[in-house]
A.B. asks: 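My questions all concern the structure below.
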There are 2 protein chains.
Amino acid sequence: MNAGTPGPGAAHTSSRSAILDVIRAAGTISRVELTRATGLTAATVSTVVRRLIDEGLVVEAGRAESTGGKPRMLLQLDPAARHAVGVHLDHAGITYVIANLGGQVVARWRRPGAGADDPRDVVARIAAEISATVARVGVDPEHLLGVGVVSPGPLATATGMTLAPPVMQHWAEFPLADAIEDAVGLPVLLDNDATASALGEYWSGGVPTGAVCAALYMGTGIGAGIIVDGTVYRGRSSNAGEIGHVCVDVDGPQCWCGSRGCIEVFAGPGAVVARAAEAGIALPGRSVSEDFAALARAAARGEEAPVRLLGDSARYLAAAAQVLANVLDLDLLVLTGASFAHAGSLYLPVVQERLSGGFFARGTHDVRVTISSHASEAAAVGGAALVLQAELAPRAAGLRMVVDTLTEVPAGPGVA
Amino acid sequence: MNAGTPGPGAAHTSSRSAILDVIRAAGTISRVELTRATGLTAATVSTVVRRLIDEGLVVEAGRAESTGGKPRMLLQLDPAARHAVGVHLDHAGITYVIANLGGQVVARWRRPGAGADDPRDVVARIAAEISATVARVGVDPEHLLGVGVVSPGPLATATGMTLAPPVMQHWAEFPLADAIEDAVGLPVLLDNDATASALGEYWSGGVPTGAVCAALYMGTGIGAGIIVDGTVYRGRSSNAGEIGHVCVDVDGPQCWCGSRGCIEVFAGPGAVVARAAEAGIALPGRSVSEDFAALARAAARGEEAPVRLLGDSARYLAAAAQVLANVLDLDLLVLTGASFAHAGSLYLPVVQERLSGGFFARGTHDVRVTISSHASEAAAVGGAALVLQAELAPRAAGLRMVVDTLTEVPAGPGVA
DNA sequence: CAACATTGTTAGGCGACTGAACGAAGTAAG
DNA sequence: CTTACTTCGTTCAGTCGCCTAACAATGTTG
């Protein structure tokens, strides 16, 4: 029962993905090390790497010191070999990034949000923004892989529509992916902000192959994305990681999700800002995110009320983090999203403190907790990462299609 | 971006596993339906099925009605073709089952627990029990695949040792799997009770291929096992699903896990029984599980104090269930383990009620909640299922081995 | 009965991966 | 400088899984 060796036919979801992923995680690595890391043979590594070099994705970058024989030829991704566009649609605004193979951002800009505009106009604007900037920064259109569009809220269906409650309800029936695909002429992927952010962190953060990694995302709402062994964990309906809608008070205030007393209602930026307003704290008042940022600055200066408000929020978030860590047995938890870009340093110690005592497997391994190095544009970077992964290192589709003739689960009343 | 078709080389973790799993889930199915359900070609299905028939795992069982052409030949697993032994080591006692391919129990018996005995003696007793019963019930030793040993608590290492706090600490250093393997002469697998129960439910409960399924296990403690697309989700260190050690009160009572205020401390059978004793309720007093069963019977009769105690426990469990459902985006949640065998009907409605309002994706799909049909021996059945899956439908090892030359996660203080 | 529909099998081929032998490029000892 | 040895990487023939395409089997329908 050895776990590492895949044996004949065990099928590595294409060794290509495995190898590319290990190079990504390692930064610089030789072919021998690749054979050890992937469990493939030297022969396979050799041919696959050659193909990657021919495609331009990988370059040879000098040789290592000899260890008593032929020195290793070192391999790296060529970051500039491919690019992808990430678009984060949010009420507050639209954030664009162009990211390269290494997940690094080569261009980044923001535009006003869609508001109540007709989706068709918004799509036209997006297409214009993309082609203009692609031309300006000199990215080879031949090597532009696609566009990843990310929005808050759950996805209605995997391809074509997004559903971002409570705002943007008039988008619910709009085939967003197809429309952008037609307008831009590139493949378009759609996903949830938290999910995409997690993949962006994986792709750009040097996360080791095989790590179990979650991104705790706080933008307007609170959610989490989950990456297991480099693949997004989606659950049944792509709604996995909805930690913001776990109930902490059955009689608590109503949440837009239809439930009551969700963590988001107590700890989300909107709630924190609302309480600050109740407490009479002066805030810009233009938008929740600006108010939240102001509050974070005040707390960083040590002002008492903001410190208390954010501390309360942080304790809820720490509880959510503990749940994620214990349920998923995490290696790594990244705090990301616009809110953590402003207030991450206030939340981080609270989360770490909670996990240092409350992580069940702490005797076996740590959970590393970090703040994303690009928290404010994490969702857009994630959008780009979706494209990079889909085009360069495609994974087995999470769930196989299930035919309707399958036996149903044997009764049991079920839930309304 | 179509999700279903795997394309050349996309590698189905061996189509054999996929086909076997669909037949298991469907009960009865034809080859054409298999092609649709698995995405494989008719040719592949044909040859793989022939191989399965040659091995005796699958049998042809009549033909379906014609739909205007050649009628379909129906296929089923031959339940009696293979067997596996499941052993559940617990403080209270050792439960044995022999299960067949279909996950049905063909033999089931209990013996006193290990207590403080020397592990070597216990291993000898286990081996004797197994060989005696295998001979008695007439299972062909040639077709006995192995032994799955299940115990509470986390695993120290994947192969060889178990670690079952707070009792049985003297087992921590003992190479249990190897010892039993030597004594019985069969492959031995080791796992956690909750994890195994989940797989047992998947294998024996006709759970559809591709379902996201969790078993909420309450034996002595509280835990959960997670099955995604037929594969156990383990997390980094096989400690995924430890929902019983999520903190609901940071200042709560000490838990054996080292933390404070864990759900288990409030809602576990031990806690419920202790509170009943405090409240002056008369109980047998021989063991926690007997006391808990007595309490459940009293509550079923409508006695006020027991109803209240179990209701409190059920609300904690419902919260845990909600967390699992939202974080994992579940299809199916099974309540199992000895405690639910006695009190499941008291817990089930509370859990269902909580999910009907608090499951985030309820607009998209249901979470079915059921009580296991073999809750009292679920862990042992799960042990057998571990063996069935490993021997018949091996999955890609959850986590690839990661070589030490990989880049580390880029700093961030991490957790103690 | 012929014509058609549907299920399932057989044959040939492509591509991924492996094992094993070999070539390449260094170090270490005399 | 030559010889021996180590380590890295490639080449080549063979295996295996799965696909495409043609075909055989077995029913229904007019």
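Everything quoted here is computed from the prediction, not taken from an experiment. Lettering follows sequence order; numbering is per chain, from 1.
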A.B. asks: If the cut-off is 4.0 Å, is A:Arg31 near the phosphate of D:dC8, judged by side-chain N/O to OP1 or OP2?
C.D. replies: no
A.B. asks: Side chain of B:Thr44, heavy atoms from C-beta onward: which of D:dC19, C:dG8, D:dT10 has the nearest atom to it?
C.D. replies: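 The answer is D:dC19, which lies nearest to the side chain.
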A.B. asks: Between the side chains of B:Asn239 and B:Ser237, is a donor N or O closer than 3.5 angstrom to an acceptor N or O?
C.D. replies: yes
A.B. asks: By nearest nucleotide on DNA chain D, pick out whichever of A:Val32 and B:Thr47 is the more 5' one.
C.D. replies: A:Val32
A.B. asks: Of all the choices, D:dT10, D:dG9, C:dT9, which nucleotide is nearest to the side chain of B:Ser46 once you look at every atom?
C.D. replies: C:dT9
A.B. asks: Can you measure B:Ile29 atom CD1 to C:dT7 atom C1' for me and round it to whole angstrom units?
C.D. replies: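 Spelled out: CD1 on B:Ile29 to C1' on C:dT7 is 14 Å.
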A.B. asks: Does B:Ser66 use its side chain to pair, donor to acceptor, with the backbone of B:Gly69 at less than 3.5 Å?
C.D. replies: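 Checked: pair present.
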A.B. asks: Quick one: closest heavy-atom pair of A:Ala211 and B:Arg236, and the distance?
C.D. replies: CA-NH2, 4.2 Å
A.B. asks: When the distance from CD1 of A:Ile19 to C1' of C:dC17 is rounded to whole Å, what number comes out?
C.D. replies: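 Going from A:Ile19 (CD1) to C:dC17 (C1'), I get 11 Å.
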A.B. asks: Contacts to DNA chain D from residues 55-62 of chain A, heavy-atom cutoff under 4.0 Å, which residues?
C.D. replies: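 Close to the strand, none.
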A.B. asks: With no hydrogens and no angle check, is any side-chain donor or acceptor of A:Arg16 less than 3.5 Å from a backbone partner on A:Leu392?
C.D. replies: yes
A.B. asks: B:Arg72 has an atom CZ; how far is it from atom C1' of C:dA5, in whole Å?
C.D. replies: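 Answer to the nearest Å: 12 Å.
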A.B. asks: Which heavy-atom pair separates B:Val381 from B:Gly103 by the least distance, and what is that distance?
C.D. replies: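 In terms of heavy atoms, the two residues are closest at CG1-O, 4.2 Å.
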A.B. asks: Can any side-chain N or O of A:Ser17 pair as donor or acceptor with the backbone N or O of A:Pro394 at less than 3.5 Å?
C.D. replies: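 Yes, because the side chain of A:Ser17 sits within donor-acceptor range (under 3.5 Å) of the backbone of A:Pro394.
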A.B. asks: Rounded to the nearest angstrom, tell me the gap between atom CG in A:Leu74 and atom P in D:dT7.
C.D. replies: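 Answer to the nearest Å: 17 Å.
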A.B. asks: Quickly work out the A:Leu40 CG to D:dC8 C1' distance and round it to whole Å.
C.D. replies: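 Atom-to-atom, A:Leu40 to D:dC8, this comes out as 17 Å.
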A.B. asks: Within the distance-only criterion (no hydrogens, no angle test), does the side chain of B:Thr41 pair as donor or acceptor with the backbone N or O of B:Ala43 below 3.5 angstrom?
C.D. replies: no
A.B. asks: Check the distance between D:dG9's P and A:Arg50's CZ and give it to me in whole angstrom.
C.D. replies: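 Checked: the CZ to P distance equals 13 Å.
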A.B. asks: Main chain of A:Leu101, side chain of A:Trp203: is a donor-acceptor contact present, judged purely on distance under 3.5 Å?
C.D. replies: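 Such a contact is found between A:Trp203 side chain and A:Leu101 backbone.
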A.B. asks: Rounded to whole Å, please give me the gap between CZ in B:Arg51 and C1' in D:dG17.
C.D. replies: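 My rounded result for the distance is 8 Å.
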A.B. asks: Nucleotide by nucleotide, 5' to 3', does protein get under 4.0 Å of the base (B), only the sugar-phosphate (S), or neither (-) in nucleotides 21-30 of chain D, counting heavy atoms?
C.D. replies: B---BBBS--
A.B. asks: Under 3.5 Å, is there a donor-acceptor pair between the side chain of A:Glu201 and the main chain of A:Gly382?
C.D. replies: no
A.B. asks: Does OP1 or OP2 of D:dC18 have a side-chain N or O of B:Ser15 closer than 4.0 Å?
C.D. replies: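 Yes, within the criterion.
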